[in-house]
Amino acid sequence: MAKSDYFGLSYLVSVILAIIPVTSWICGIITRLSDGHIVAAILRIFLGFWIVWLIDLVLMITQKHIMKILTI
């Protein structure tokens with residue numbers, strides 16, 4: 001089974017987490033912090049609720065990954 005962006009969980013579980021805006025926002029922040037991208041996590045806190053949620057949802061369903069903001 002292929003792994004997805006949310007903590008290495010399966011694709012189906014990641015899509016379910018991405019559908020719910022609050023869990024998508026929280027999981028996105030935690031994922032960025034665990035990757036060591038503190039600035040990206042801060043940006044997700046302030047910008048990532050509705051706009052990034054829609055983008056993450058579409059990308060998770062179509063490409064099986066979430067949007068990477070500032071992967072530096």
Side-chain angles (χ1 to χ4, degrees):
M1 184 174 273
K3 297 297 178 187
S4 192
D5 269 352
Y6 288 138
F7 318 113
L9 297 171
S10 70
Y11 170 69
L12 182 61
V13 174
S14 293
V15 169
I16 291 169
L17 289 174
I19 289 173
I20 305 166
V22 175
T23 59
S24 175
W25 183 62
I26 292 170
C27 289
I29 292 167
I30 294 171
T31 301
R32 295 305 166 259
L33 288 173
S34 67
D35 289 345
H37 300 124
I38 297 170
V39 174
I42 292 170
L43 285 175
R44 271 188 98 83
I45 290 170
F46 295 109
L47 303 175
F49 196 67
W50 291 108
I51 296 169
V52 177
W53 170 70
L54 288 173
I55 295 168
D56 279 350
L57 182 59
V58 170
L59 286 175
M60 182 63 74
I61 292 170
T62 59
Q63 299 179 3
K64 298 183 175 146
H65 68 82
I66 57 177
M67 184 173 75
K68 304 287 185 177
I69 299 174
L70 286 176
T71 56
I72 300 170

Over 12 non-hydrogen atoms of neighbours within 6.0 angstrom of CD1 in Ile38: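 Counting neighbours around CD1 of Ile38, 12 or fewer heavy atoms of other residues, nucleotides or ligands fall under 6.0 Å, so no.
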How close do [X] and [Y] get, counting heavy atoms only, and between which atoms?
X     : Y     : value
Phe7  : Cys27 : CE1-SG, 3.7 Å
Ser34 : Thr31 : OG-O, 2.9 Å
Leu9  : Ser14 : O-OG, 3.8 Å

Transitive ILVMFWY cluster of Ile16, excluding itself - 4.5 Å side-chain cut-off: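 Reading the cluster by chain and number, Ile16 sits alongside Leu12.
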Distance, nearest 0.5 Å, that separates CD1 of Ile26 from CD1 of Ile45: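 One gets 10.5 Å once the value is rounded to the nearest 0.5 Å.
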Gap separating the CD1 atom of Ile30 from the CG atom of Asp35, nearest 0.5 angstrom: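 Going from CD1 on Ile30 over to CG on Asp35, the span is 12.0 Å.
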Ser24 side chain to Ile20 backbone, donor-acceptor under 3.5 Å: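 Checked: no pair found.
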Polar side-chain atom of Trp25 near backbone of Arg44 as donor-acceptor pair, under 3.5 Å: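 Yes, the answer is positive, given that a donor and an acceptor are paired below the 3.5 Å cut-off.
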Residue list, side chain to side chain contact (heavy atoms under 4.5 Å, CB included) with Val58, at least two apart or on another chain: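 Listed in chain order: Thr62.
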